[in-house]
Colleague: 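Please see the structure below; I have some questions.
In what follows, chains are A, B, ... by sequence order, proteins preceding strands, each numbered from 1.
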2 protein chains.
Amino acid sequence: MSEAPSDPNRRRIPEATVVRLPVYQRILSELLRTGAATVSSERLATMARVNAAKVRKDLSLLGSFGTRGTGYDVAFLRSQIDRALGVDQDWPVVIIGIGNLGRALVNSEGFSSRGFRVTALFDADPEVIGERVRSVEVLDVAELPAFARQDPPTIGVISTPAGAAQEVANTLISIGVRSILNFAPRVLTVPPDVLLRYVDLSIELQVMSFYESRRQADAEQLSTSGGDPPRLGSGGVSRPPLQT
Amino acid sequence: MSEAPSDPNRRRIPEATVVRLPVYQRILSELLRTGAATVSSERLATMARVNAAKVRKDLSLLGSFGTRGTGYDVAFLRSQIDRALGVDQDWPVVIIGIGNLGRALVNSEGFSSRGFRVTALFDADPEVIGERVRSVEVLDVAELPAFARQDPPTIGVISTPAGAAQEVANTLISIGVRSILNFAPRVLTVPPDVLLRYVDLSIELQVMSFYESRRQADAEQLSTSGGDPPRLGSGGVSRPPLQT
DNA sequence: TCGTGTGAACCATTTCACAGCT
DNA sequence: AGCTGTGAAATGGTTCACACGA
């Protein structure tokens, strides 16, 4: 009735794996820089601070790219991950809000390379409009709809102050953008077919605070009562979580 | 033999929940701004783009703070989340690398308020050293060890270029910092007792690329063969994941 | 012999469904 | 009547352990 279920790509990839793929991607890029030709799941796992079986399972979801007894070809594997992530395609990106954060984004490795093409920057501040950042001109945000008719962006990045974020989101949606990445500290409302993701610079800081206060609580517990030694694992200190 | 197992705090909180607590925290702060006195799990869930049962389970791990038939008291719940996250305590933070990203961090809501106190900024560039950002002076990174003896930081934030990140991490570890938040696009090596978390500004962008290319693939599939209509859920378009 | 790829077992997290309080 | 808090079921994700190929 339906097609063969094991088409190499096209297989359902769990969200958890999708989020790890960019991590592997970066590690492979670094390995490439240092001249490594092949890498084992073991080594990749150590660098990514995850379990080797997880690396193998993640990668096997993309296809069988390894060689038994040898490992994975670094360059080839990276190209396959790029393909799975879709960063071998061209995604026009607009960034709205060119303060320090917007500038940092434009200048960041991952934004201006690897599939993403920053086609325009937008701001509302006359001081900033007309400036060039990385040779891309900052336009008046009022011109965003007109710009989009010429060169429609796929992804919109919001790095405005919180107060402007919802309005910018509305504009992006009205010009047909269906993927929005929001750095502004504000909860946004968008239609259900729009993919909205948040990056909160301070969430990780708060997660650190959580584990740090657990550490302190454990340390105090230890000095007041003569409790168990702080063994890692089940009790004691919370297992340090791995990176996003 | 041992103490009662249901001490309100002190209960093990799953990592997945810890990461959502800052999200609830922000939402509650916004509700407070708009003057809401109480909130239901349903409403909180809608705003956080998660399931209501999940909200209730998450919150019940911190204690029984809701009122049946009414919901949660916004201000009280927020203070309890703050407590659980440890952001009611004082965490001295140093930031190393005062480029655009470092400045954005210093100026961001979540960094300079709510428990975190940016005690000093560091850079290696003589142009930048001596400058003040948000009234905090930028010091020479060479002075970091001396500074730490006076006013030891709990958390170190790395927002340097990739090339400097490992060296900065080594310095932080040598002065006793056990929680490091790394924004530099570089895999770092640290001892196992150091809590290291990464923030990669482009990971979310790559995740978007993944889902966007799935959308395109689905759209093409649909136009070439006369396949199934793109029902949300099992097949069709991948369920848009919720924010980190 | 080394290291991938993968069923199967295990563990964590999510969701359901409803008892119980206001 | 409305909404929380929570066992129990369902789902999703991780790890084990080993067959198999290079």
Colleague: Rounded at 0.5 Å granularity, tell me how far CD in B:Q25 sits from CD in B:Q80.
Modeller: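 B:Q25 CD to B:Q80 CD: 12.5 Å, rounded to 0.5 Å.
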Colleague: Would you mind building the protein contact string for nucleotides 17-22 of chain D? One character per nucleotide, 5' to 3', B for base within reach (heavy atoms under 4.0 Å), S for sugar-phosphate only, - for untouched.
Modeller: B--BBS
Colleague: Are any non-hydrogen side-chain atoms of B:L201 and A:L201 less than 4.5 angstrom apart?
Modeller: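 Of all side-chain heavy-atom pairs linking A:L201 with B:L201, at least one is under 4.5 Å.
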Colleague: Can a side chain N or O of A:Y72 be found less than 4.0 Å away from OP1 or OP2 on C:dG5?
Modeller: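 A:Y72 to C:dG5 OP1/OP2: side-chain N or O found under 4.0 Å.
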Colleague: Atom CD of B:E42 to atom C1' of C:dT15: distance rounded to whole Å?
Modeller: 13 Å
Colleague: For B:F65, run the ring pair (Phe, Tyr, Trp, His ring centres under 6.0 Å) check against B:F76, B:Y24, B:Y72 and tell me which one passes.
Modeller: B:F76
Colleague: Rounded to the nearest Å, what distance is computed from the CZ atom of residue A:R12 to the C1' atom of nucleotide D:dT11?
Modeller: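 So the two atoms are 11 Å apart, to the nearest Å.
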Colleague: Using only side-chain N and O atoms of A:N51, determine if any of them is under 4.0 Å from OP1 or OP2 of D:dG13.
Modeller: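 So the side chain of A:N51 is outside the cut-off, no N or O lying under 4.0 Å from OP1 or OP2 of D:dG13.
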Colleague: Give a yes or no on whether the backbone of A:S179 and the side-chain of B:E212 come within a donor-acceptor separation of less than 3.5 Å.
Modeller: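 No.
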Colleague: Check whether any side-chain N or O of A:W91 sits under 3.5 Å from a backbone N or O of B:S213 as a donor-acceptor pair, and report yes or no.
Modeller: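 No, the answer is negative, given that no donor and acceptor are paired below the 3.5 Å cut-off.
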Colleague: Would you mind reporting whether B:T154 and B:D90 have side-chain heavy atoms less than 4.5 Å apart?
Modeller: no
Colleague: Looking only at side-chain atoms of A:S41, point me to the closest of C:dT4, C:dG5, D:dT6.
Modeller: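 For the A:S41 side chain, the nearest candidate turns out to be C:dT4.
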Colleague: Can you find a donor-acceptor N/O pair under 3.5 angstrom joining the side chain of A:K57 to the base of D:dT15?
Modeller: yes
Colleague: Taking CG from B:D58 and P from D:dT4, how many angstroms apart are they, rounded to a whole number?
Modeller: 13 Å
Colleague: Without decimals, in angstroms, what is the distance between B:L61 CG and D:dG7 C1'?
Modeller: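 Interatomic distance, CG of B:L61 to C1' of D:dG7: 14 Å.
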Colleague: Consider the side chain of B:K54, meaning its heavy atoms from C-beta on, and name the nucleotide among D:dC3, C:dT13, C:dT15 that approaches it most closely.
Modeller: C:dT15
Colleague: What is the separation between atom CG on B:L62 and atom C1' on D:dT4, rounded to the nearest whole Å?
Modeller: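 Going from CG in B:L62 over to C1' in D:dT4 covers 14 Å.
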Colleague: Given side chain to side chain contact (heavy atoms under 4.5 Å, CB included), test B:T38 with B:T67 step by step and report yes or no.
Modeller: CA-CA 10 Å; B:T38 62; B:T67 309; over 6 Å; no
Colleague: Using C1' atoms of five pairs at each end, report the bend of the helix from C:dT1-D:dA22 to C:dT22-D:dA1 rounded to 10 degrees.
Modeller: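 Rounded value for the end-axis angle: 10°.
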Colleague: Rounded off to whole Å, could you give me the CZ-to-C1' distance for the A:F65 and C:dT4 pair?
Modeller: 13 Å
Colleague: Take atom CG of B:D73 and atom P of D:dT4, then tell me their distance rounded to the nearest Å.
Modeller: 13 Å
Colleague: Can you tell me the distance, in whole Å, between the CZ atom of B:R49 and the P atom of C:dT14?
Modeller: 17 Å
Colleague: Please check: side-chain N/O of B:T46 versus main-chain N/O of B:E42, any donor-acceptor pairing under 3.5 Å?
Modeller: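 It does hold such a pair.
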Colleague: When you compare the side chain of B:L62 with that of B:T17, does any pair of heavy atoms fall below 4.5 Å?
Modeller: no
